[in-house]
**Student:** 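If you scroll down you'll find the structure; I have some questions about it.
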Amino acid sequence: MTTEERLAQKLAELQLKMPAAATPKGLYRPVLVVDNLAYTSGHLPFEPDGRLITGRVGEGMDVDAAERAAMLAALGILATLRAELGSLDRVRRVVKLLGMVNCTPDFTQQPAVVNGASRLLADVFGTKRGVGARSAFGVGSLPLGVPVEIEAVFEIEK
Amino acid sequence: MTTEERLAQKLAELQLKMPAAATPKGLYRPVLVVDNLAYTSGHLPFEPDGRLITGRVGEGMDVDAAERAAMLAALGILATLRAELGSLDRVRRVVKLLGMVNCTPDFTQQPAVVNGASRLLADVFGTKRGVGARSAFGVGSLPLGVPVEIEAVFEIEK
Amino acid sequence: MTTEERLAQKLAELQLKMPAAATPKGLYRPVLVVDNLAYTSGHLPFEPDGRLITGRVGEGMDVDAAERAAMLAALGILATLRAELGSLDRVRRVVKLLGMVNCTPDFTQQPAVVNGASRLLADVFGTKRGVGARSAFGVGSLPLGVPVEIEAVFEIEK
């Protein structure tokens, strides 16, 4: 199965449609390619209907909801990447993720939240190519009040 | 116009002088080049007279002041880069920025703050080469109490 | 002296043993190599006996204790890197560090804390190859309640 086929299967399973590629919230590009690496900007989580997901983990939002938000942010990254490359089949592998979780100071399960993004990428690219390095940490606040922001680096076919 | 010429024009317009290249606040180098990429350290904002800008957005510092601080941090990055490369004309493009904003938990306009850095780079390198990927997020505290810290990666001529 | 010899000397001096390579706390790899760069995941600090170090700087934990935690997180990075490469002698240089410090909002000495990691790397790889670019910042919370998390990029022999 190709990556695009696995993505189609995954979207059907999750009953989701591919979102539109992200619109920058400031003066930056959603993704920038240098040589064989694609650097994506930090992506925010959007519901399938286009609404932004807002909230703070540990303050009215639980781990499951935040994990789903991380998955949707990663889906936005895939939409950005496909718009840039034409097809996700040109992605060779996930290199690294940076996962920022908007949470209360006593919250310590950032890895569980960011797993929502990691799991989607592992499912779409396969475990061998879809699991890379990662850092997850808690932040005091995020753009537009979202619970999670995900930045990624991918290796691509030149 | 070359990049150095555009920078001179921009500095005249802002009535600013090029600052001295940054002095490390710890055991690190202001910039490290590997192959065709220059990785800069997180840069703090300094006034043209050398004074460090301190403050916390949402707590006595507004977005405009923080945006200006982000611009000055980016100017420091340019000074570092020029000291390393000899001339900014050797910079091929901005690859990515990481913008950390020291702010209260209810602040959500981190992109507007980091735009101060992005706008300077877009003006100096041009929109095509000066706008890259970016992540902006809010942090609980920053070194020496500054409102913003900016890290950047550039592609350079080898 | 080779890097491995310098590490052995440093461990003897600190009366420490090399820890086991890190076990992922989520769906990621401790390190991912692309071409001549090794990207490590964010590493947490463990005591030599395997206990995780927890705490928050400025709230019952002082700079010295946090600096030691940063050193131990960096030691974990070296263990991960050696497990991946076979020998640390294959590391050409430190490219960059990202140092996240879990601290109270009024804490401003993040660079002093992250120096604990930087000093170990400078000692093991030598100042010329062991000191790279770096960003340090304060976060509101970290995975499992640790005081510091360190992510690193290294250039390696292919």
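Order of the sequence lines sets the chain letters (A, B, ...), proteins ahead of strands, with each chain counted from 1.
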**Student:** Out of C:Pro111, C:Ala136, C:Ala133, return the one with the most heavy atom pairs under 4.5 angstrom to chain B.
**Tutor:**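 The answer is C:Ala133.
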**Student:** I want to check something: taking the side chain as every heavy atom from C-beta on, are B:Val34 and C:Leu37 in contact at a cut-off of under 4.5 Å?
**Tutor:**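 Yes, side chains in contact.
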**Student:** For chain B, which of C:Val153, C:Leu97, C:Asn36 has the most heavy-atom pairs under 4.5 Å?
**Tutor:**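 Looking at each option in turn, the highest pair count goes to C:Asn36.
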**Student:** Given that the side chain runs from C-beta out, which part of B:Asp35 has a heavy atom under 4.5 Å from chain C: side chain, backbone, both or neither?
**Tutor:**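 Only the side chain of B:Asp35 comes within 4.5 Å of chain C.
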**Student:** Spell out, as yes or no, whether a donor-acceptor pair under 3.5 Å connects the side chain of C:Thr108 to the backbone of B:Gly145.
**Tutor:**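 Flag not set: sc C:Thr108 to bb B:Gly145 has no pair under 3.5 Å.
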**Student:** For the residue pair B:Ser141 and C:Gln110, what are the closest heavy atoms and their distance?
**Tutor:**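 Minimum heavy-atom separation between B:Ser141 and C:Gln110: OG-NE2, 2.9 Å.
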**Student:** Below 4.5 Å from any heavy atom of chain B, which atoms of C:Val94 appear? Answer side chain, backbone, both or neither.
**Tutor:**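 For C:Val94, backbone heavy atoms alone lie under 4.5 Å from chain B.
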**Student:** Give, for atom CG of B:Leu27 and atom OG1 of C:Thr127, the distance between the pair rounded to the nearest 0.5 Å.
**Tutor:**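 The CG atom of B:Leu27 sits 7.5 Å away from the OG1 atom of C:Thr127.
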**Student:** Indicate yes or no: at least one non-hydrogen side-chain atom of B:Leu32 is less than 4.5 angstrom from one of C:Arg93.
**Tutor:**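 The answer is yes, as the side chains (C-beta and beyond) meet within the 4.5 Å cut-off.
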**Student:** Taking atom CD of C:Glu157 as the centre, does the number of heavy atoms from other residues, nucleotides or ligands within less than 6.0 Å exceed 12?
**Tutor:**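 Counting other residues, nucleotides and ligands, CD of C:Glu157 exceeds 12 neighbours.
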**Student:** Pick from C:Arg92, C:Met100, C:Arg134, C:Gln109: which one has the most heavy-atom pairs with chain B under 4.5 Å?
**Tutor:**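 Top count of heavy-atom pairs under 4.5 Å with chain B: C:Arg134.
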**Student:** Quick one: what part of B:Val139 sits under 4.5 Å from any heavy atom of chain C, side chain, backbone, both or neither?
**Tutor:**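 Answer is both: backbone and side chain atoms of B:Val139 are under 4.5 Å from chain C.
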**Student:** Taking B:Gly140, B:Ser41, B:Gly26, B:Pro24 one by one, which has the highest count of heavy-atom pairs under 4.5 Å against chain C?
**Tutor:**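 If we count pairs closer than 4.5 Å to chain C, B:Ser41 comes out on top.
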**Student:** For a quick test of reading the model, state the closest non-hydrogen atom pair linking B:Arg29 to C:Lys128 and the distance between them.
**Tutor:**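 Result for this residue pair: NH2-O, 2.9 Å.
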**Student:** Take C:Leu98 and B:Leu98, measure what side-chain contact (heavy atoms from CB on, under 4.5 Å) needs, and give me the verdict at the end.
**Tutor:** CA-CA 11 Å; C:Leu98 194 66; B:Leu98 194 67; 4.1 Å; yes
